[in-house]
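These notes concern the structure reproduced below.
Proteins get letters first, then strands, A, B, ... in listed order; numbering begins at 1 in each.
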Amino acid sequence: MELVQEDRYRFRIVPEGDMRVPGVVFATRDLLADAEKSLTQVADVATLPGIVTASYAMPDIHWGYGFPIGGVAATAIDEGGVVSPGGVGFDISCGVRLLAADCARAEVAPMLEKIMDVLDRSVPRGAGPGGVWRLTGPRQLERLLRGGSRHAVEEGHGEERDLARCEDGGAVPDADADQVGPRARERGLGQVGSLGSANHFMEVQRVAEVYDRHTAEVFGIAEDQVCVMIHCGSRGLGHQICTDHVRAMDKVMARHGIRVPDRQLACTPVDSPEGRAYLGAMAAAANYARANRQLLSDVARRAFARVAGRRLSLVYDVSHNLAKIETHQVDGRPRRLCVHRKGATRAFPPGHPDLPEDLREVGQPVLIPGTMGTASYVLAGVAGGGAFFSTCHGAGRRMSRHEAARKISSRELRNRLERDGIAARPLSWRGLTEEAPEAYKDVGEVVAASEGAGLCRIVARLVPLGVVKG
DNA sequence: ATGTTC
């Protein structure tokens, strides 16, 4: 593979073989060294029918199912462009939500342990069933799959204003519950309003540093303010939908005349029965994930109100695993594209018509979850954003789960978190070692490279005060 | 990520 460095933060994979477009990787030399193996996946994605401009990778790229995590690929819908479940990933619409409390750290510090105890008791998490809602049946599930956060708010779990601060107003249009199979429904029924496990979390954070005061003010955050960050997705429902539709596409791909270098890239044209079926099911899973984050926000709000008498306002809710139909200029004309973002966050620039009016001047908020001992970031979209207005999504693993569990002692980690004043409420301390900071890349390097590559700008850094994990 | 290997 021929990799050409184009500037400090941009590398190009020269097209060869069946590649229809080049690969473009935004990274530093250091970050790239960790990602070398996944560049094959960037090149494989470049062979997909209808792909335009380039197969992109963000600075936090790492190995994924078919597509790399940190990958962005857009296909031209009217030119046979495909949609691929592997380009979204198993955790459909996994994403991040940030809420800002109406107070600074000092005002909450005396109540922090108590708040964490309440969250510990009231946030359903871990593998398997459990959630703040137990659905009455398929009708209610269908309403939730269509309505997302909006449905949760309509049921009394949130404020109308929340929806203005959610990507897509809280619900992806065109969700098709009929394309959600029986197994996905069954798994989904019992997990509404739950965190899940692995790198998902709910954190109480403090704004440690503001880099752009004006933008931070528009977003509703200020230095030393207390925030709550929620990182979770569509649980077993999204996972099952991905599994079901990969299988369905794998079966019919040849009939559509499509050959891919890796079966995990199973895809069909967006404009085909299987493509439409997947996109309908994917939208339903996206709405499930958003309702999930809305309900967990409600849990956090109740804890803050009860223990500290404080309110939480939604800053933003954004997904980092989704395919979307968007219109972008390609080769000088507007084209209807299916933009796959997998481990990549949409980052609309200032002035974009899809942003709520009060945010339009500064650009879309982008929320980057870090690791529990380090930091998380708030970024903003920028004009020119080189990959269909997308940027990074997180730190990315450096050690495998197995390696982390073997190398890191749970007692040592527990002491370290205590020493650093981070009130941790894990389901198991042993499981927490897999999520230790040293098991991840430095999220600061990732956001610096993303900003350097012209994908976004850094607005604020947040550090954890307490963490709830599966 | 995931009833963590149908």
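When the P atom of B/dT2 is taken as reference, atom CD of A/Q264 falls 18 Å away, rounded to whole Å. Rounded to whole Å, atom C1' of B/dT2 lies 15 Å from atom CD of A/E186. For the pair A/I69 CD1 and B/dT2 P, the computed distance is 13 Å after rounding to whole Å. A straight line from CZ of A/R183 to P of B/dT2 spans 16 Å, rounded to a whole angstrom. To the nearest angstrom, P of B/dT2 lies 12 Å from CG of A/L237. Between A/Y65 atom OH and B/dT5 atom C1' there is a gap of 14 Å when expressed in whole angstrom units. One can place NZ of A/K469 at 15 Å from C1' of B/dT4, the figure rounded to the nearest angstrom. Atom CG of A/D244 and atom P of B/dT2 are 16 Å apart (whole Å).
A/G236 comes within 4.0 angstrom of sugar-phosphate atoms only, judged by non-hydrogen atoms across all strands, and of no base. Across all strands, A/E434 comes closer than 4.0 Å to no nucleic acid atom at all (heavy-atom distances).
Using cut-offs of 30° and 60° on the angle between ring planes, the pair A/H62 and A/H393 is parallel.
Neither OP1 nor OP2 of B/dT4 sits under 4.0 Å from any side-chain N or O of A/S197.
For the segment residues 389-405 of chain A, residues with any heavy atom less than 4.0 angstrom from an atom of DNA chain B are, sorted by number, A/R401. Remark: A/A127, A/G128 in residues 120-135 of chain A come within less than 4.0 Å of DNA chain B through at least one heavy atom.
Not a single ring pair (Phe, Tyr, Trp, His ring centres under 6.0 Å) links A/F11 to another residue, sequence neighbours left out. A search for side chain to side chain contact (heavy atoms under 4.5 Å, CB included) contacts involving A/E36 returns nothing, not counting sequence neighbours. Considering only residues two or more places apart in sequence or on other chains, A/D117 meets the side-chain hydrogen bond (donor to acceptor under 3.5 Å, both in side chains) condition with A/R425.
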Only pairs under 3.5 Å count here: list side-chain donor-acceptor contacts from residues 459-470 of chain A, not counting sequence neighbours, and write none if there are none.
{"unit_1": "A/R461", "atom_1": "NE", "unit_2": "A/Y211", "atom_2": "OH", "d": "3.2"}
{"unit_1": "A/R461", "atom_1": "NH2", "unit_2": "A/E209", "atom_2": "OE1", "d": "3.0"}
{"unit_1": "A/K469", "atom_1": "NZ", "unit_2": "A/A198", "atom_2": "O", "d": "3.0"}
{"unit_1": "A/K469", "atom_1": "NZ", "unit_2": "A/H200", "atom_2": "O", "d": "3.3"}

Side-chain donor-acceptor distances from residues 445-453 of chain A under 3.5 Å, at least two apart:
{"unit_1": "A/S450", "atom_1": "OG", "unit_2": "A/V446", "atom_2": "O", "d": "2.9"}
{"unit_1": "A/E451", "atom_1": "OE2", "unit_2": "A/I458", "atom_2": "N", "d": "2.7"}

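The stretch residues 448-470 of chain A participates, sequence neighbours left out, in no ring-ring contact (aromatic ring centres under 6.0 Å, His included) pair at all. Residue pairs meeting the ring-ring contact (aromatic ring centres under 6.0 Å, His included) criterion with at least one member in residues 260-283 of chain A, sequence neighbours excluded: A/H245-A/Y278.
Side-chain contact annotation: A/E274 with A/H256, donor-acceptor N/O pair under 3.5 Å present.
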